[in-house]
Amino acid sequence: MKKFGPMTPLTSRRQLLLSGLALALLGGSAARAKEAPLKTASAHGATPPKAKGKRIVMIDPGHGGIDSGAVGEEGSEEKHVVLEIAGHIRQMLSDHPHIEARLTRDNDRFIPLGERVEIAHQHGADLFMSIHADGFTSPDANGASVFALSNRGASSRMARYLSERENAADAVGGVKVAQKDHYLQQVLFDLVQTDTIKNSLTLGKHVLSQIRPIHHLHSQHPEQAAFAVLKSPSIPSVLVETSFITNPAEERLLGTTAFRRKIAGAIVDGVISYFNEFDANNRRPG
């Protein structure tokens, strides 16, 4: 597994300024959070403090509880498959001395999309990764993809289809999206989001480059769409479609522990590669 050197701050001075603007605007959301503490996967009440000198990577297993996600021909449910993959990612990342990985959920429970983003902020996450194994209308759709947020429409018909499908998860749980979607209501959202989306696309490239040698890619480059779960203004965020569970061959593949660990390892190497590049760029003189 790839390693990276001594820690340097993940956030640039410009990003800190932009994040400060976002936090100022998000005061209302923060106040609401204090009134009603967010639930976390640990269910221990208070948010665990950030480990000194470590980067926090928030891993979000998609769906859960009443929302099963996509279902394969043989009955495999996306929510269970991605929970195990996310667990492998957390274990592998946490083996690294400079990374601590946490989960938005560690059991079969429903979490609204907006709350998943809030949990990442509550934990002071440096990265957010939502893990999926989605479905399509045709069983022929196959391969892995990585998505970042887009404020200007989807980059492809498939990206639009998947984002609309994922964004419908709140409706399954009876959540009114308009009441939960705090971030897009902020005046300076687009300004703050510019650097975040750029870093998210860079993260996506690193993850795809590590998946490419071990599994077929549905898209060779990171795609973009308006995924609700990627709408943090200051945390680089990607959604990883590990495979299509509605493809019979890939459903069988996703059902094996060997593949779940293999795809998790590729995602982990992509995260570490991203941190390596970020640190190298920040250490450049000038």
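- Across all their heavy atoms, L149 and A226 have their closest contact at CD1-CA, 3.9 Å.
- Looking at T246, its side chain does come within 3.5 Å of a backbone N or O of F136 through a donor-acceptor pair.
- Residues L83 and D108 form no side-chain contact, since every pair of their non-hydrogen atoms from C-beta on lies 4.5 Å or further apart.
- The distance from the NE2 atom of H96 to the CZ atom of R55 is 9.5 Å, given to the nearest 0.5 Å.
- Atoms CD and CD1, on Q210 and I263 in that order, are 11.0 Å from each other to the nearest 0.5 Å.
- Among residue pairs with one or both ends in residues 199-221, none qualify as salt bridge (Lys or Arg N to Asp or Glu O under 4.0 Å); sequence neighbours excluded.
- Closest approach of K79 to V82, counting heavy atoms only: O-CG2, 3.6 Å.
- Side-chain N or O atoms of S94 include one that pairs as donor or acceptor with a backbone N or O of A101 at under 3.5 Å.
- Once rounded to the nearest 0.5 Å, the distance linking CD of Q220 with OG of S145 reads 9.5 Å.
- Using a 4.5 Å heavy-atom cutoff, the side chains of M58 and R116 are not in contact.
- Comment: E100 engages R102 in a salt bridge, judged by a side-chain N to carboxylate O separation of less than 4.0 angstrom.
- The shortest side-chain heavy-atom distance between E223 and E241 does not fall under the 4.5 Å cut-off.
- If you run ring-ring contact (aromatic ring centres under 6.0 Å, His included) between F244 and each of H132, H216, H218, only H218 comes through.
- Between I85 and L254 there is a side-chain heavy-atom pair separated by less than 4.5 Å.
- The backbone N or O of G64 lies less than 3.5 Å from no partner atom in the side chain of S68, so there is not a single donor-acceptor pair.
- Rounding to the nearest 0.5 Å places CG of N199 at 12.0 Å from CD1 of I235.
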Test V229 against F128 for side chain to side chain contact (heavy atoms under 4.5 Å, CB included), laying out the working first.
CA-CA 9 Å; V229 78; F128 177 91; 3.7 Å; yes

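- A heavy-atom distance below 4.5 Å is found between the side chains of Y274 and L127.
- A heavy-atom distance below 4.5 Å is found between the side chains of I131 and I89.
- A ring-centre distance under 6.0 Å is not found for F110 and H63.
- The two residues S76 and I245 make their nearest non-hydrogen contact at O-CD1, 3.5 Å.
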What do the steps show when you test I59 against T104 for side chain to side chain contact (heavy atoms under 4.5 Å, CB included), and what is the final call?
CA-CA 6 Å; I59 309 299; T104 56; over 6 Å; no

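- The heavy-atom pair separating S130 from D60 by the smallest distance is OG-OD2, 2.7 Å.
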Please assess V271 against M129 for the test side chain to side chain contact (heavy atoms under 4.5 Å, CB included), listing each intermediate value before the final yes or no.
CA-CA 10 Å; V271 170; M129 306 185 74; 3.3 Å; yes

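- Closest non-hydrogen pair, E250 versus S243, comes out as OE1-CB, 3.2 Å.
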Check step by step if side chain to side chain contact (heavy atoms under 4.5 Å, CB included) holds for K262 and H215.
CA-CA 9 Å; K262 182 183 290 187; H215 188 51; over 6 Å; no

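- E84 pairs by the salt bridge (charged side-chain N to carboxylate O under 4.0 Å, His left out) definition with R260, not counting sequence neighbours.
- At least one side-chain heavy atom of I99 sits less than 4.5 Å from a side-chain heavy atom of I272.
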Between H98 and F275, is the ring pair (Phe, Tyr, Trp, His ring centres under 6.0 Å) condition met? List the steps.
CA-CA 10 Å; H98 299 307; F275 282 142; over 10 Å; no

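- Nearest heavy-atom pair across A133 and T242 is CB-OG1, 3.7 Å.
- Atom NE2 of H121 is separated from atom OG of S232 by 2.5 Å, given to the nearest 0.5 angstrom.
- Although no hydrogens or angles enter the test, the distance criterion places no donor-acceptor pair under 3.5 Å between the side chain of D279 and the main chain of E277.
- A heavy-atom distance below 4.5 Å is not found between the side chains of E251 and L253.
- Of the possible polar contacts, one joining the N247 side chain to the P139 backbone as a donor-acceptor pair under 3.5 Å is found.
- Separation of atoms CD (Q224) and CZ (F147) is listed at 10.5 Å; rounding is to 0.5 Å.
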